[in-house]
Student: 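Take this structure first; my questions come after.
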There are 2 protein chains.
Amino acid sequence: MNPVKTAATAALTIALAVSSVALTAQADGHGVDPAVSARQGQFQIMSLNIGVLGQMARGNTDYDSETAQAAANNLLAMSQIDQRFHWVPGTDSDSIEGTRALPAIWADDSRVLEIWGQFGTAAEGLAGVAGDGLDAMRAGMGPVGAACGACHDDYRQPR
Amino acid sequence: MNPVKTAATAALTIALAVSSVALTAQADGHGVDPAVSARQGQFQIMSLNIGVLGQMARGNTDYDSETAQAAANNLLAMSQIDQRFHWVPGTDSDSIEGTRALPAIWADDSRVLEIWGQFGTAAEGLAGVAGDGLDAMRAGMGPVGAACGACHDDYRQPR
């Protein structure tokens, strides 16, 4: 057994149990589950900061050490968000409108939390080098992109 | 002069200058500025986690040390998000639809970053006590709520 995977699966099981209790009574008044809004917001923050880095990596904006470091630090902060409240059962793409979160996220063999952990490791690496020049930043972005892609490939509905 | 305020104002000025360069070319394909999506997402994540704590504080759900700690840690992580990319000029409530962010946020005498710093201090305090019992958690929530309210009072358009 893969201990990381097992721990991740156990954690998600616990997380979902807690979430379903803690969040059932919540509503945001707009008919959107607040957990869905929050997790989509999470990815929007990640996307914004990856976009800042990506613009520099592609040469569309000048590399700026301080800006790159701030964006990388933001990704690292986001990676520290405990996912337990974001993935309330019944908020998958088969169950509700307005989400691309596939039911596989909630399956027993879900690797979502494992990949989230990989994102955290990658973000930590990126934050360690993002201010050290364009090439260092670019190299640090690779594992972040890989983690993003790994989750999108298997757990996000294609458009 | 208040050095915190001065530093905060200077930081926001720099942040907005950087943002306008770094983010001009971005678009999310849905006509919504990605900075607006990201900052609204930020507040949705904060709201979700405050909601978890609030449900316990009000006795609507049982206090659970581990859940409370996770929510508090999430607020602390969110407080570490550098705000520079979120507040692109021209995304105030006078300029675009779908935001309640008042123009005062961008004014020379804006206290937004100072209040964001207060939120960070409050979140750190909360994370230090949230797992220590219901009363400790409730006490720790006070300064967090005060920081939220301070910003909402002056910088968020009423519904």
Side-chain angles (χ1 to χ4, degrees), chain A residues 11 14-15 17-19 21-30 32-56 58 60-64 66-86 88 159, chain B residues 11 14-15 17-19 21-30 32-56 58 60-64 66-86 88 159:
Chain A
I14 294 165
V18 171
S19 296
V21 172
L23 300 175
T24 299
Q26 291 192 46
D28 71 354
H30 299 282
V32 178
D33 191 301
V36 175
S37 297
R39 75 188 185 217
Q40 291 179 346
Q42 163 179 282
F43 297 122
Q44 284 160 339
I45 297 168
M46 291 162 66
S47 171
L48 183 73
N49 285 280
I50 289 167
V52 170
L53 297 168
Q55 291 288 86
M56 289 194 270
R58 289 189 297 273
N60 293 339
T61 56
D62 288 339
Y63 172 79
D64 177 77
E66 214 260 330
T67 304
Q69 188 65 59
N73 289 351
N74 284 350
L75 291 171
L76 181 57
M78 291 309 301
S79 76
Q80 292 163 356
I81 300 291
D82 190 307
Q83 295 299 296
R84 75 180 67 196
F85 306 121
H86 286 178
V88 175
R159 284 199 192 278
Chain B
I14 294 165
V18 170
S19 296
V21 173
L23 300 175
T24 299
Q26 291 192 43
D28 71 352
H30 298 284
V32 178
D33 191 299
V36 175
S37 297
R39 75 189 185 216
Q40 292 180 344
Q42 164 178 282
F43 296 123
Q44 285 160 337
I45 296 168
M46 290 162 65
S47 171
L48 183 73
N49 285 279
I50 289 168
V52 169
L53 297 168
Q55 291 288 86
M56 288 194 270
R58 288 190 296 273
N60 294 338
T61 56
D62 289 339
Y63 172 78
D64 176 77
E66 213 258 331
T67 304
Q69 189 65 59
N73 289 350
N74 283 350
L75 291 172
L76 181 57
M78 289 310 299
S79 76
Q80 292 162 356
I81 299 291
D82 189 308
Q83 294 299 295
R84 75 180 69 195
F85 306 120
H86 286 178
V88 175
R159 284 198 194 279

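In what follows, every chain begins at residue 1, and chains take the letters A, B, ... in the order their sequences are listed. Any value given below was found using the heavy atoms of this structure, including those in side chains, with hydrogens, waters and symmetry copies removed.
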Student: Determine whether A:Q42 and B:Q42 satisfy the following criterion, side-chain contact (heavy atoms from CB on, under 4.5 Å), listing intermediate values before the conclusion.
Tutor: CA-CA 7 Å; A:Q42 163 179 282; B:Q42 164 178 282; over 6 Å; no

Student: Which atoms of A:N73 come close to chain B, meaning under 4.5 Å heavy atom to heavy atom: side chain ones, backbone ones, both, or neither?
Tutor: neither

Student: Would you compute the distance between atom CD of B:Q44 and atom CD of A:Q44 and round it to the nearest 0.5 angstrom?
Tutor: 7.5 Å

Student: My understanding is that only residues two or more places apart in sequence, or in another chain, count here; which of them pass side chain to side chain donor-acceptor pair (under 3.5 Å) with A:Q40?
Tutor: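 A:Q40 satisfies side chain to side chain donor-acceptor pair (under 3.5 Å) with no residue once adjacent residues are dropped.
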
Student: So which heavy atom on A:L48 is nearest to which on B:A38, and how close?
Tutor: CD2-CB, 3.6 Å

Student: On a heavy-atom basis, which atom in B:I45 and which in A:I45 lie closest, and how many Å separate them?
Tutor: CD1-CD1, 4.0 Å

Student: Considering residues at least two apart in sequence or located in another chain, which fulfil the side-chain contact (heavy atoms from CB on, under 4.5 Å) criterion with A:A68?
Tutor: A:L53, A:M56, A:Y63, A:A130, A:M137

Student: Distance check, rounded to the nearest 0.5 Å: A:D82 atom CG versus B:N49 atom CG?
Tutor: 8.5 Å

Student: Under 4.5 Å heavy-atom distance to chain A, tell me which part of B:D62 shows up: side chain, backbone, both or neither.
Tutor: neither

Student: Begin from the C-alpha positions of B:F85 and A:T67 and carry the test side-chain contact (heavy atoms from CB on, under 4.5 Å) through to its verdict.
Tutor: CA-CA 9 Å; B:F85 306 120; A:T67 304; 3.6 Å; yes

